Amino acid sequence: MSTVATHTDRSATRPDTPVVAPPGLAGVVVATTSLGDVRGAEGFFHYRQYDAVDLARSCSIEEVWHLLLRGHLPTTGELAAFRATIAEAQVLAPDVRAQLDAVAVAALAPPMTSLRTSLSALGGALRLEPVWDLSPAQRERDALRVAVQVPVVTAAAYRRGQGLDPVAPRADLGYAANHLWMLTGAEPREHHVRALERYLCLTVDHGFNASTFTARVVASTGADVAACVVAALGALSGPLHGGAPSRALDSLDEIGTPELARPWADAQLAESRRIMGFGHAIYRAKDPRSELLRETAEELGGPLAELAVAAESAIDDALDAARPDRTLRANVEFYAGVVMHECGVPREMFTPTFAVSRVLGWTAHILEQALDRKIIRPSARYAGPPPPQPVPALGDRG
Ligand SMILES: CC(C)(COP(=O)(O)OP(=O)(O)OC[C@H]1O[C@@H](n2cnc3c(N)ncnc32)[C@H](O)[C@@H]1OP(=O)(O)O)[C@@H](O)C(=O)NCCC(=O)NCCS
């Protein structure tokens with residue numbers, strides 16, 4: 001549908017009520033935000049008033065986080081104070097840490113499942129209160145306390161799964177460096193930190209995607225910050241959202257060498273298979289995230305980056321030949337896997353690493369939504385048997 005009407009009559013959900021929103025709510029504007037937006041036709045996205053790619057090129061993840069959370073880029077003094085606040089929030093009281101560890105050990109599961117279980121436990125252990133009952137300052141405190149634990153919890157779960165002891169965060173390391181440190185237990189190398197930081201900056205926020213919308217729906221009910229984030233994590237875990245960033249890397253493994261990229265792509269398309277890491281629901285030409293990540297992968301260098309660059313060009317040609325009606329180009333996932341792999345992030349930690357960045361966007365959205373004291377409560381058109389019908393007695397139900 002090209003136009004979307006709004007029902008003011010809340011009883012208007014009879015079978016003859018037209019569905020007034022397009023499938024998937026595509027293109028429907030459901031909220032007002034000051035956090036950012038995506039302009040698909042232009043291949044452009046922004047956080048507040050700044051081009052997100054410019055921010056990723058020149059700012060640390062803490063600066064971008066501050067921008068989203070507090071509305072402006074920090075001064076030198078504000079940045080130092082913000083870093084100190086983050087480091088302080090990463091340290092949990094011993095009893096809270098013990099509760100969290102107990103749950104994490106009991107719930108050893110695939111990384112995203114383990115993460116959401118642990119964060120749910122964190123909300124309980126911290127005794128978080130509904131955002132409805134809190135002041136904006138208290139909500140921000142809770143948002144920070146929950147967000148900073150995402151890399152801590154997910155790295156600990158990964159290491160336990162490998163039979164290794166968790167590694168505690170260090171106050172002298174930034175958010176990106178700490179993520180690598182806690183995953184690997186090795187001193188993070190500067191160029192890896194910078195590359196990962198770019199990836200994190202590029203994926204903090206991206207319009208009203210499914211997980212962000214989910215976080216805002218739960219925040220609109222007044223629930224606590226952990227409940228909002230756990231719901232968003234569930235949305236992110238699905239393969240249509242954040243659940244498949246490793247698939248593009250699997251494709252590169254299959255391709256193996258640059259000269260096999262074109263025949264591989266032709267074969268995929270001949271069998272009507274989708275090429276992972278290409279195409280986008282909103283970007284119609286280039287995905288600006290993939291452009292900077294390609295540059296980052298090339299800076300990191302190595303055979304995988306070389307293969308990816310050669311394969312991208314061959315796949316572009318194959319897609320152009322097979323789909324002359326479309327411009328299907330590399331999306332964020334194509335180079336994200338290459339960059340994360342080169343930085344030492346294990347493949348099963350790609351989606352949790354996406355959560356490490358996106359939780360910063362979610363929590364900013366949760367705080368913004370909490371200012372609007374209106375519950376998000378749309379309607380559905382009922383299409384079952386016409387009610388009311390007599391309730392049959394137990395013995396008459398055949
Ligand atoms: C991202 C994606 C789901 C967007 O889907 P969409 O909004 O329906 O995409 P579009 O409207 O631009 O294109 C739809 C058409 O192009 C084709 N197409 C889109 N991406 C394609 C790809 N990566 N490989 C092959 N064909 C593709 C579709 O098969 C479809 O063909 P049809 O019209 O004959 O049914 C889709 O491009 C895709 O599946 N990409 C691969 C998975 C991926 O990389 N996901 C991560 C996204 S960040």
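Bear in mind the structure is a predicted one, so any value in this text is a computation, not a measurement. Indexing begins at 1, ligand by ligand and atom by atom, following the structure's order.
Remark: ligand 1 and Arg289 share no N or O pair separated by less than 3.5 Å (distance only, no angle test). Distances between N or O atoms of Arg284 and those of ligand 1 include at least one value under 3.5 Å.
Within 6.0 Å of CG on Asp172 lie more than 12 heavy atoms contributed by other residues, nucleotides or ligands. The neighbour count for Arg189 CZ, taken as heavy atoms of other residues, nucleotides or ligands under 6.0 Å away, does not exceed 12. Around the CD atom of Glu259, the shell of radius 6.0 Å holds more than 12 heavy atoms that belong to other residues, nucleotides or ligands. Enclosure of atom CZ in Arg397 by more than 12 non-hydrogen atoms of other residues, nucleotides or ligands within 6.0 angstrom is indicated.
Across all their heavy atoms, Cys343 and Ala195 have their closest contact at SG-CB, 3.7 Å.
Neither side chain, His241 nor Arg358, offers a donor N or O lying under 3.5 Å from an acceptor on the other. Donor-acceptor pairing under 3.5 Å is recorded for the side chains of Ser60 and Glu63.
Distance from atom 34 (O) of ligand 1 to its nearest protein heavy atom, with residue and atom name: Arg323 NH1, 3.0 Å. Scanning all protein heavy atoms for the shortest distance to atom 9 (O) of ligand 1 gives His280 O, 4.4 Å. For atom 42 (C) of ligand 1, the closest non-hydrogen atom of the protein is Met276 SD, 3.6 Å. The protein atom (non-hydrogen) at minimum distance from atom 28 (C) of ligand 1 is Arg274 NH2, 3.6 Å. Here the protein heavy atom with the shortest distance to atom 7 (O) of ligand 1 is Ala281 CA, 3.3 Å. What sits closest to atom 22 (C) of ligand 1 on the protein, heavy atoms only, is Ile275 N, 3.5 Å. For atom 47 (C) of ligand 1, the closest heavy atom belonging to the protein is Asn331 ND2, 3.5 Å. From the protein, the heavy atom lying nearest to atom 11 (O) of ligand 1 is Arg326 NH1, 3.2 Å.
Note: His206 and Tyr283 have tilted aromatic rings, judged against thresholds of 30 and 60 degrees for the angle between ring planes. Relative orientation of the His66 and His72 rings is perpendicular, given thresholds of 30° and 60° on the angle between their planes.
Atoms of ligand 1 found under 4.0 Å from any heavy atom of Gly279 (numbered from 1 in listed order, with element): 1 (C), 37 (O). Near Gly277, meaning under 4.0 Å from one of its heavy atoms, ligand 1 places the atoms 43 (C), 44 (O).
The side chain of Leu269, and not its backbone, has at least one atom closer than 4.0 Å to an atom of ligand 1 (non-hydrogen atoms only; side chain from C-beta on). Within the 4.0 Å heavy-atom criterion, the part of Glu333 lying near ligand 1 is the side chain and not the backbone. The part of Leu328 lying near ligand 1 is the side chain, judged by heavy-atom distances below 4.0 Å.
In this structure, atom 13 (O) of ligand 1 has protein heavy atoms in its sub-4.0 angstrom surroundings.
Of the candidates Phe278, Phe334, Tyr283, it is Phe278 that places a heavy atom closest to atom 41 (C) of ligand 1.
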Open item on the list: Run Arg170 and Glu187 through salt bridge (Lys or Arg N to Asp or Glu O under 4.0 Å) and show every step you take.
Closed with: CA-CA 11 Å; Arg170 276 170 37 194; Glu187 193 64 34; 3.0 Å; yes

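For Tyr50 (side chain) and Val64 (main-chain N/O), no donor-acceptor pair under 3.5 Å exists by modelled atom type.
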